[in-house]
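Below is one structure, written out as structure tokens; comments come after it.
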Amino acid sequence: MRYFGRSVKGRRQHNEDSFYTPDCGDLDIAIVADGMGGHRAGDVASALAMEEMLLQMRRSRLVTPEKALREAVLSANRRIYEYGELTPECSGLGTTIVAALLGQDAFSICNVGDSRIYLYSDGALTRLTRDHSLVADLVRCGAISDVDARTHPYRNVITRAVGTSDAVEVDTSTHAWREDDMLLLCSDGLCGTLDDDSIRALFDSTPDARALCDALVESALESGSTDNITAVIVVNAGGAQC
């Protein structure tokens, strides 16, 4: 696998997003987390989620990839929730999470919140995650359109997060992919600003994965994103692992 990641604070005072891509020989997993909470609590939440997920994934033995991801998120949820209970200045902290555990022929993903994972294969872009947000629920029931959702006053209200309560529901799934396919993991500072057609157009026009990662972030900035922006690109490099 080949991994490329970039995260910027954008118009915010500080960056509450966190992301992880492995060094050679490390666990083949990519993670993006978008933190939230009181003053500086968001970056604490996303960093704790990242740390706990990696710890638990490295401990996982004899379980399916989806179960390993789910258990890692549940462990992160407990750790963040307990931290918030013991740290009044960080009350209400939480984070979204998307992660992809990669194999050569298939990958497994997990999702809580409104960060997203996309698969780009043979010129087609497919959104693999479902947003857990108020506007996404409104779109699914036909109350508003995708276009309306981008400017809706409650577009930043999420219905699931890691660490905001003592329990959380985690979505998981497994998908096939082939050599040269690419994954995008991103926070809503990117996918809440660029629609899927714009994201696909950048994949189409930017074959170099490192340049694509930069192009996605820069395009979100130029399109007026007011949030932190994080993008991670994973390329299925066949037998090559770094």
*From Gln56 CD over to Ser75 OG, what is the distance, rounded to the nearest 0.5 angstrom?*
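If we round to the nearest 0.5 Å, Gln56:CD and Ser75:OG are 3.5 Å apart.
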*Interatomic distance, Ile199 atom CD1 to Phe203 atom CZ [nearest 0.5 angstrom]*: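 Between atom CD1 of Ile199 and atom CZ of Phe203 there are 8.0 Å.
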Any chance the side chains of [X] and [Y] put a donor and an acceptor closer than 3.5 Å?
X      : Y      : result
Tyr81  : Arg79  : no
Ser7   : Asn15  : yes
Asp34  : Ser187 : no
Thr230 : Asp17  : yes
Ser108 : Glu66  : no
Arg70  : Thr172 : yes
Ser46  : Asp43  : no

*Distance-minimising heavy-atom pair for Leu69 and Ala99*: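 Smallest heavy-atom distance, with atoms named: CD2-CB, 4.3 Å.
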For [Y], is there any backbone N or O sitting under 3.5 Å from a side-chain donor or acceptor partner on [X]?
X      : Y      : result
His132 : Arg160 : no
Asp181 : Arg178 : yes
Thr87  : Tyr83  : yes
Ser225 : Leu221 : no
Trp177 : Gly103 : yes

*asked:* Under 4.0 Å between a side-chain nitrogen and a carboxylate oxygen: does that hold for Arg78 and Asp166?
replied: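 No, this pair does not count.
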*asked:* Quick test of your reading of the model: are Asp204 and Arg200 salt-bridged, counting only N-O distances below 4.0 Å?
replied: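 Salt bridge flag = yes for Arg200 with Asp204.
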*asked:* If the condition is side-chain hydrogen bond (donor to acceptor under 3.5 Å, both in side chains), which residues does Ser173 pass it with, not counting sequence neighbours?
replied: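 Scan of Ser173 (side-chain hydrogen bond (donor to acceptor under 3.5 Å, both in side chains), adjacent residues dropped) gives His175.
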*CZ of Arg210: more than 12 outside heavy atoms within 6.0 angstrom?*
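Atom CZ in Arg210 is not packed in, count stays at 12 or less.
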